[in-house]
J.: 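Structure below; questions to follow.
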Amino acid sequence: MASNKRIKGLVVTRPIYYGNTATPITGKKPAVPDHTHRWTVMVKGVNGEDLSYYIRKVVFKLHETYPNPLRSVEEPPFELTETGWGEFEIMIKIHFQPVTSEKAVTLYHHLRLHPYEDDLSGQPWPKDKPVSSLLYDELVFNEPTEAFKEVLEKNNAMKPNLPARKPNNPKESIPDFSEQLEKEELDRLEKAQKEVNDEIIRLKQRMAALDNE
């Protein structure tokens, strides 16, 4: 039987995404008349991964104006649906299964109800089109226990397992995470850093030339 002894030097990361989707309420009025949107806040695994083998529950702390603002979801999908009219910060606390011997992790997400932008085609955002605010993140486990490592191996989770390439027909409601996308983002950052460095060199050369005049 695996022990709770920690494995020195081992680091394991598990990819997740969290955030919310929101849709304007049409047709039948909600229970609270001034509510304008139906929204869902969530913590999910990339590629539809079931997170329950290492996540025990997720607690969402809503605005204090909601009845019972501290909501606990103890089985997948780790998501919560509500209605409302305003945006606010939601605290998301992830509690891990006892076998992990890991402390809870707290995330914060600003609930987004409105698009504040045009759609991908450059046209005004359709009124009935859902708004998504979903962020990619990785839960990092430094020196996991032997028992947790055994669970990770059983679930083929020792590596992030991101898809190699972006999907041909991505769904707007699901974030597009892949090794290809990660590389493209790193390439953009590297290009931007090079442009900044080149500009710094040019400015230093210009200042040196002015000093010599």
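All values reported here derive from a predicted model rather than from experimental measurement. For this chain, numbers begin at 1 and follow the sequence in order.
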J.: Can you check whether Pro98 reaches Arg56 side chain to side chain, under 4.5 Å on heavy atoms?
T.: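 Heavy-atom side-chain distance check passes, below 4.5 Å.
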J.: Quick check: closest heavy atoms across Thr145 and Asn4, and the distance to 0.1 Å?
T.: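 Reported closest heavy-atom pair: CG2-O, 3.4 Å.
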J.: If you take all heavy atoms of Leu113 and Gly84, which pair is closest and at what distance?
T.: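 Residues Leu113 and Gly84, closest heavy atoms: CD1-O, 4.5 Å.
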J.: Could you measure the distance from the OG1 atom of Thr13 to the CE atom of Met158? Nearest 0.5 Å is fine.
T.: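 These two atoms lie 10.0 Å from each other.
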J.: How far apart are the closest heavy atoms of Pro24 and Lys129, and which atoms are they?
T.: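 So the two residues come closest at CD-O, 4.4 Å.
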J.: Val105 and Leu70: same hydrophobic cluster, using ILVMFWY side-chain contacts below 4.5 Å?
T.: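 No; tracing contacts between hydrophobic side chains, which count when under 4.5 Å, never links both residues.
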J.: As an exercise, state the distance from CG of Asn197 to CZ of Arg202, rounded to the nearest 0.5 Å.
T.: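 With rounding to 0.5 Å, CG (Asn197) is 10.5 Å from CZ (Arg202).
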J.: Taking the six-membered ring for Trp, are Tyr66 and Trp39 parallel (under 30°), tilted (30 to 60°) or perpendicular (over 60°)?
T.: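 Perpendicular, since the angle between the ring planes exceeds 60°.
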J.: So, Arg112 side chain and Val131 main chain: donor-acceptor pair closer than 3.5 Å or not?
T.: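 Checking the backbone N and O of Val131 against the side chain of Arg112, no donor-acceptor pair under 3.5 Å is found.
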J.: Can a donor-acceptor pair be found, under 3.5 Å and without considering hydrogens, that links the side chain of His63 to the backbone of Phe88?
T.: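 A pair under 3.5 Å: no.
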J.: How far does NE2 of His109 sit from CG of Asn20, to the nearest 0.5 angstrom?
T.: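 Nearest 0.5 Å value for the NE2-CG distance: 3.5 Å.
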J.: Check each of Thr100, Val12, Val151, Val11 against Pro144 using the side chain to side chain contact (heavy atoms under 4.5 Å, CB included) test, and report the only one that passes.
T.: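 Going through Thr100, Val12, Val151, Val11 one by one, the side chain to side chain contact (heavy atoms under 4.5 Å, CB included) with Pro144 is satisfied by Val12 alone.
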J.: Kindly assign one of parallel, tilted or perpendicular to the pair Phe96 and Phe141, based on the angle between their ring planes and the thresholds 30° and 60°.
T.: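 Perpendicular: the ring planes of Phe96 and Phe141 meet at over 60°.
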J.: Would a single hydrophobic cluster contain both Leu111 and Trp85, if residues Ile, Leu, Val, Met, Phe, Trp and Tyr are joined by side-chain heavy-atom contacts under 4.5 Å?
T.: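 No; Leu111 is not reachable from Trp85 via cluster members.
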J.: Given the rule that I, L, V, M, F, W and Y join up when any side-chain heavy atoms are under 4.5 Å apart, are Leu107 and Met91 in one cluster?
T.: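 Different clusters: Leu107 never reaches Met91 through Ile, Leu, Val, Met, Phe, Trp or Tyr contacts under 4.5 Å.
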J.: To the nearest 0.5 Å, what is the distance between CG on Leu51 and CD1 on Ile94?
T.: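 If I round to the nearest 0.5 Å, the distance is 8.0 Å.
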J.: Would Ile201 and Gln205 satisfy side chain to side chain contact (heavy atoms under 4.5 Å, CB included), going step by step from the backbone distance to the final call?
T.: CA-CA 6 Å; Ile201 292 172; Gln205 291 174 340; 3.7 Å; yes
J.: Tell me if a side-chain donor or acceptor on Gln97 pairs with a main-chain N or O of Ser52 at a distance below 3.5 Å.
T.: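 Such a contact is found between Gln97 side chain and Ser52 backbone.
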J.: Just wondering, more than 12 heavy atoms not from Arg38 lying within 6.0 Å of its CZ?
T.: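 Not buried by this count: 12 neighbours or fewer within 6.0 Å.
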J.: Provide the closest heavy-atom pair for Leu134 versus Thr21 in the form atom of the first, atom of the second, distance.
T.: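 Minimum heavy-atom contact is CD1-CG2, 4.5 Å.
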J.: Can a salt bridge be assigned to the pair Glu102 and Arg6 using a cut-off of 4.0 Å between side-chain N and carboxylate O?
T.: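 Yes, this pair counts.
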J.: Could you tell me which non-hydrogen atom of Thr23 sits nearest to which non-hydrogen atom of Pro130, and how far apart they are?
T.: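 Closest pair (atom of Thr23, atom of Pro130, distance): OG1-CB, 3.8 Å.
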J.: Do Ile7 and Leu152 land in one hydrophobic cluster if side-chain heavy atoms of ILVMFWY residues count as linked below 4.5 Å?
T.: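 Looking at the clustering, Leu152 is in the same group as Ile7.
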J.: Quick check for you: to the nearest 0.5 Å, what is the distance between Asp198 atom CG and Gln193 atom CD?
T.: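 Going from the CG atom of Asp198 to the CD atom of Gln193 covers 10.0 Å.
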J.: Leu80, Leu135: one ILVMFWY side-chain cluster at the under-4.5 Å cut-off?
T.: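 Cluster IDs for Leu80 and Leu135 match.
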J.: Please determine whether the number of non-hydrogen atoms from other residues, nucleotides or ligands lying under 6.0 Å from atom CD of Glu199 exceeds 12.
T.: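 Yes, enclosed.
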J.: Nearest 0.5 Å, please: how far is NE2 in His114 from NE2 in His37?
T.: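 One finds 5.0 Å between NE2 of His37 and NE2 of His114.
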J.: Which pair of heavy atoms, one from Pro15 and one from Glu138, lies closest together, and at what distance?
T.: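 So the minimum-distance heavy-atom pair works out to CA-CG, 4.2 Å.
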J.: Looking at Glu153 and Lys149, does any basic side-chain N land under 4.0 Å from a carboxylate oxygen?
T.: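 Between Lys149 and Glu153 there is a salt bridge, with a charged N closer than 4.0 Å to a carboxylate O.
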J.: For atom NZ of Lys93, is the number of surrounding heavy atoms from other residues, nucleotides or ligands below 6.0 Å larger than 12?
T.: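 Count not over threshold, so no.
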